[in-house]
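Beneath this line is the structure, given in C-alpha cells, with notes to follow.
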Amino acid sequence: MERMKELISMLNEASKKYYQDASPIMSDYQYDKLYDELCRLENETGIVLSSSPTQNVGYTVLSGLEKVRHEKRMLSLDKTKDVEKLKSWLGNNEGVLSWKLDGLTIVLKYNGGELVQAVTRGNGEIGEDITHNAKVFKNIPLKISFKKELVLRGEGVISYSEFERINSQLDDSEKYKNPRNLCSGTVRQLNSQVAAEREVTFYAFTLVSAEGIDDWSLKTDQLDFLRNQGFDVVESRVVTADNIEESVKYFESRIEKNDFASDGLVLTFNSVPYSLSLGETAKFPKDSIAFKWRDETAETILRSVDWSTSRTGLINPIAVFDPVELEGTTVNRASLHNVSVMEELKIGIGDRVLVYKANMIIPQIAENLTKSGNIEIPKSCPVCGGETEIRKLKDGKALYCTNPNCHAQRVKSLAHFVSRDAMNIEGLSEETIKKFVDNNFIDSYPDIFELYKFEEQIKSLEGFGEKSYSNIISSIEKSKNVGMANFIYALGINNVGLSNAKLLCRNFNNDLEKIISAGEEELSAVDGFGPVIAHSVSRYFSNGENLGLLKKALGFIVFKKEDMPEESGGLKGLTFVITGDLNNYANRKELQSQIELMGGKVTGSVTSKTSFLINNDPFSQSSKNKKAAELSVPVITEEEFINRFIKQGGV
C-alpha cells in the first residue's frame with residue numbers, strides 16, 4: 001500500500017508539472033515505468049485509490065442531494081473530560097483509544113469490490129448521498145479486494161494547510177470559519193469538481209459490516225482488515241486502565257504537530273462480542289465514550305488591543321495581555337476575531353480576562369470578568385490612515401480599511417486585479433506578484449502592463465526564465481482586450497462584485513465616462529444598487545489618485561465591443577438577492593452565475609424590485625430577511641430554488 005501511495009504521488013506530481021506548469025520532471029520512459037508498476041500493484045492487490053492516475057473519473061453535477069435512511073442509526077457519544085472516568089468506564093477490559101477527528105462523518109458501502117454509495121451522517125437517521133464527491137476524495141479506494149458487501153464509517157477531513165490555501169483564494173465574505181465547516185461545505189457540493197479541487201482525506205474508524213464475516217473477536221482486527229483493503233485508518237492505541245493516562249498524554253503531545261483538527265479522543269472496547277452485548281441507550285451507544293480535552297485557563301489583565309491590517313483590508317483586533325502559562329507555553333496575545341466578538345465580550349483596557357487554548361493550540365479569550373467595554377473602534381487604518389468602515393460578514397461585523405491603495409492591501413489588490421473574473425492574467429500568482437512588488441517592478445496595477453521593462457531582472461529571479469517570462473508577458477498582452485465589467489470589477493471597488501459591475505455597465509450602456517461622472521443619486525437609481533454601493537462607486541471615482549491610475553491603465557487596454565445582452569431564459573425578469581451559507585453551490589458567485597446564465601439578475605440588497613431572497617435560514621432575523629418581510633418579498637431556501645427553477649424550470 002505504501003508503495004502504491006508513493007507511486008500515485010510521484011505520477012500525479014509529474015503530470016501536473018508536465019501539463020499545467022510546462023516543466024517536466026521526468027522522462028516519458030520513467031513515467032511509463034512507474035505507471036506500469038502501479039498497474040501491476042493494483043492488479044495484485046485488487047485495490048484502486050481514487051487519486052490513482054489509472055482512473056479517469058469524470059466530474060458529476062447533480063441538481064440536488066438525495067436523502068438516504070441509514071440501515072443502522074448513528075448515535076452521538078457520551079462525553080467526559082476526566083481521565084479517571086475513562087479508567088472507571090473501561091474497568092478490567094481492553095480498549096482502543098483513537099483521535100476524535102473534527103470533520104464530517106461519512107458511511108461508505110461497497111459491493112462487488114466497488115464503491116457504490118457514500119452517505120453523510122445527517123441527523124443520525126437520514127443522511128445525504130454524496131457518492132459523486134467521495135469518488136474524487138484524495139484517498140478513498142474506488143475498488144477493493146473484498147467482493148461482498150462492506151459497510152464502514154469514517155471521517156472526512158480537510159487539513160489546516162489545505163484550509164489556509166482555500167481560504168486565501170476566497171473573498172472575506174466567503175471565507176470559512178474552520179476546517180470542519182469547509183469540509184462540510186465541500187463534501188455536500190453538487191458539482192464534484194469542487195471536491196476534486198480540494199483535498200478531502202477520509203479516515204476509517206468503524207467497520208459496520210462485512211458480509212460473510214460475523215466472528216470478529218477484536219476491534220483492532222476490524223481496523224487491520226480495513227487497512228488491508230486500502231483504507232487510511234484513524235491512529236489508535238490499545239489501552240487498559242493501567243496505561244490509558246499515559247496514552248492520553250501521548251495523543252495530547254501530538255496535537256500541535258497535527259495538520260488536522262481534532263476535538264478529543266474516542267475510547268471503545270476492543271472486544272467486539274462484548275461491545276455488541278451492551279446495546280445502547282436512547283441517546284448513546286454503550287460501547288464507546290468521547291474524551292474532551294479539559295481546557296486549561298488562566299486569569300490575566302488586558303493591557304491593549306492591537307489592530308492589524310491584512311492584505312484584504314480587514315483590520316484584525318489582537319488582545320495583548322500580561323503573559324501567562326498555558327499548555328506548557330507562555331502566551332500574551334490572542335485574536336479577538338472581529339468587532340462582533342469584541343462587543344460580545346465587552347472588551348476594555350484593564351479588564352480581567354480568562355484565556356485558554358482552543359483545541360490546546362490557538363489562544364482565545366474565554367471570558368471577560370470585568371466587562372468595561374471601553375475600547376474605541378479605530379476611525380482610521382493603523383497602516384495608511386485611511387477611513388475605516390464596519391461591514392457585516394458571514395461571521396459577524398468586521399472592521400475594514402476603505403483605502404484601496406493602502407500598502408497593507410497592495411499585494412492582495414494586485415492579485416485581485418489579475419484574477420480570472422477580473423483581468424484574467426495567467427502566471428501572475430499572488431506569490432509572483434509579491435516578488436515583483438518586493439523588487440519594485442510593480443507599485444500599482446498599471447505597472448503590470450509595463451513589466452516588459454524589467455525583462456532581464458525578471459528572468460534572473462529564482463524560479464523564472466525565458467519561458468515563464470514570455471508566458472506572463474503573453475498573458476498580459478492578451479488581457480488588454482477586456483470587457484468593461486471585468487475591468488471595473490478588477491479595480492476592487494468596495495462592495496462592487498462582478499454582478500454589480502455588470503449592472504453598472506448595463507445601466508450606463510458601457511460608457512465609462514458616464515459611470516465616472518455619475519453622482520450618488522444617479523448611482524442609487526441603478527437596479528439593485530443602494531446608498532452603500534452608490535457611495536463606494538462615487539467615492540472611488542472622485543479620488544484623484546484613483547483617477548490618475550485609471551487614466552494610465554486606460555492607455556494600455558481596449559474594451560471589448562459588447563452588445564448589451566438581452567435577458568433570456570427561465571429567470572428572465574426576476575431579480576434575486578443571495579445571503580447566508582450555501583450547501584449545494586461552491587459559493588454565492590457560483591449560484592449567481594447560474595441565475596445570470598438563465599436570464600435573471602442578482603443584486604446585493606433587498607428592494608421593492610427584488611423577486612426572491614435566497615436564504616437557507618428563512619426564519620433568521622437578519623437585516624435582509626426583515627427587509628424582505630417588510631416589502632413582502634418571498635424568502636426561499638437554496639433547495640427550493642433548485643426544485644422550483646432548476647428542476648421544474650418555472651416561476
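- Using a 4.0 Å cut-off between a side-chain N of Lys or Arg and a carboxylate O of Asp or Glu, E343 and K397 qualify as a salt bridge.
- Between V496 and Y540 the shortest side-chain heavy-atom distance does not fall below 4.5 Å.
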- request: Give the intermediate values and the outcome of side chain to side chain contact (heavy atoms under 4.5 Å, CB included) for residues T432 and S429.
  value: CA-CA 5 Å; T432 297; S429 66; 3.0 Å; yes
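- Each of V602, I614, T603 was checked for a side chain to side chain contact (heavy atoms under 4.5 Å, CB included) with Q592, and the lone residue meeting it is V602.
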Trace of the salt bridge (charged side-chain N to carboxylate O under 4.0 Å, His left out) decision for E128 with K67: CA-CA 5 Å; E128 292 174 311; K67 299 292 190 291; 3.6 Å; yes
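- Among all heavy-atom pairs drawn from V355 and I365, the shortest one is CG1-CG1, 4.0 Å.
- N139 and T201 share no side-chain donor-acceptor pair at under 3.5 Å.
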For a quick test of your reading: what N or O donor-acceptor pairs under 3.5 Å do the side chains of residues 89-96 make, sequence neighbours left out?
{"from": "N93", "atom 1": "ND2", "to": "L90", "atom 2": "O", "distance (Å)": "3.0"}
{"from": "E94", "atom 1": "OE1", "to": "N270", "atom 2": "ND2", "distance (Å)": "2.9"}

- request: Go through the steps for N368 and I347 under the test side chain to side chain contact (heavy atoms under 4.5 Å, CB included), then give the verdict.
  value: CA-CA 7 Å; N368 184 0; I347 287 295; 4.1 Å; yes
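- Within 6.0 Å of the NZ atom in K249, the count of heavy atoms belonging to other residues, nucleotides or ligands does not exceed 12.
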task: List the steps, then state whether side-chain hydrogen bond (donor to acceptor under 3.5 Å, both in side chains) holds for S372 with D351.
output: CA-CA 7 Å; S372 67; D351 282 346; 2.9 Å; yes
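- For E367, there are no salt bridge (Lys or Arg N to Asp or Glu O under 4.0 Å) partners, not counting sequence neighbours.
- Side-chain atoms of S275 come within 3.5 Å of backbone atoms of S271 as a donor-acceptor pair (strictly under, hydrogens ignored).
- Residues T370 and R352 bring no donor and acceptor atom of their side chains to less than 3.5 Å of each other.
- Atom CD of E235 has more than 12 heavy atoms from other residues, nucleotides or ligands within 6.0 Å.
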task: Verify side chain to side chain contact (heavy atoms under 4.5 Å, CB included) between L314 and L399, making sure each step is shown before the conclusion.
output: CA-CA 6 Å; L314 175 66; L399 188 68; 6.0 Å; no
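- At a threshold of 4.0 Å, the pair E280-K286 does not count as salt-bridged, since none of the basic side-chain nitrogens sits closer than that to a carboxylate oxygen.
- When only modelled atom types and interatomic distance are considered, S236 and S98 share no side-chain donor-acceptor pair under 3.5 Å.
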Would you list the atom pairs, donor with acceptor, under 3.5 Å between side chains in residues 238-246 and any protein atom, with sequence neighbours excluded?
{"from": "T240", "atom 1": "OG1", "to": "D242", "atom 2": "N", "distance (Å)": "3.3"}
{"from": "N243", "atom 1": "OD1", "to": "T240", "atom 2": "N", "distance (Å)": "2.8"}
{"from": "E245", "atom 1": "OE1", "to": "K87", "atom 2": "NZ", "distance (Å)": "3.3"}

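- Checked against a 6.0 Å centroid threshold, the rings of F202 and F137 do not count as neighbours.
- Residues D102 and S262 have side chains that never bring a donor and an acceptor to within less than 3.5 angstrom of each other.
- With sequence neighbours excluded, no residue forms a ring-ring contact (aromatic ring centres under 6.0 Å, His included) with Y203.
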message: With salt bridge (charged side-chain N to carboxylate O under 4.0 Å, His left out) as the criterion, how do E431 and K434 come out once you've worked through the C-alpha distance, each side chain's angles and the decisive distance to 0.1 Å?
response: CA-CA 5 Å; E431 192 58 37; K434 187 175 186 305; 5.8 Å; no
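- For the atom pair CG (N403) and CG (N546), the distance works out to 8.0 Å, reported to the nearest 0.5 Å.
- Salt bridge present: R391 and E389 bring a charged side-chain N and a carboxylate O closer than 4.0 Å.
- A distance of 4.0 Å separates CD1 of I578 from CG of L591, quoted to the nearest 0.5 Å.
- At a cut-off of 3.5 Å, with distance as the only test, a side-chain donor of E155 or T105 sits close to an acceptor on the other residue.
- Annotation: side chain of V157 is not in contact with side chain of V200 (no heavy-atom distance under 4.5 Å).
- Qualifying ring-ring contact (aromatic ring centres under 6.0 Å, His included) partners for Y250, counting only residues two or more places apart in sequence or in other chains: none.
- Around atom NZ of K79, more than 12 heavy atoms belonging to other residues, nucleotides or ligands sit under 6.0 Å away.
- Without hydrogens or angle criteria, H70 side chain to R121 main chain gives a donor-acceptor distance under 3.5 Å.
- Ion pairing between D306 and R333 holds under the 4.0 Å rule for side-chain N and carboxylate O.
- Taking each heavy atom of T80 and I289 in turn, the nearest pair found is CG2-CD1, 4.0 Å.
- Shown here are the side-chain hydrogen bond (donor to acceptor under 3.5 Å, both in side chains) partners of E125, two or more places apart in sequence or in another chain: there are none.
- We find the CD1-CG distance between I301 and L369 to be 9.0 Å, quoted to the nearest 0.5 Å.
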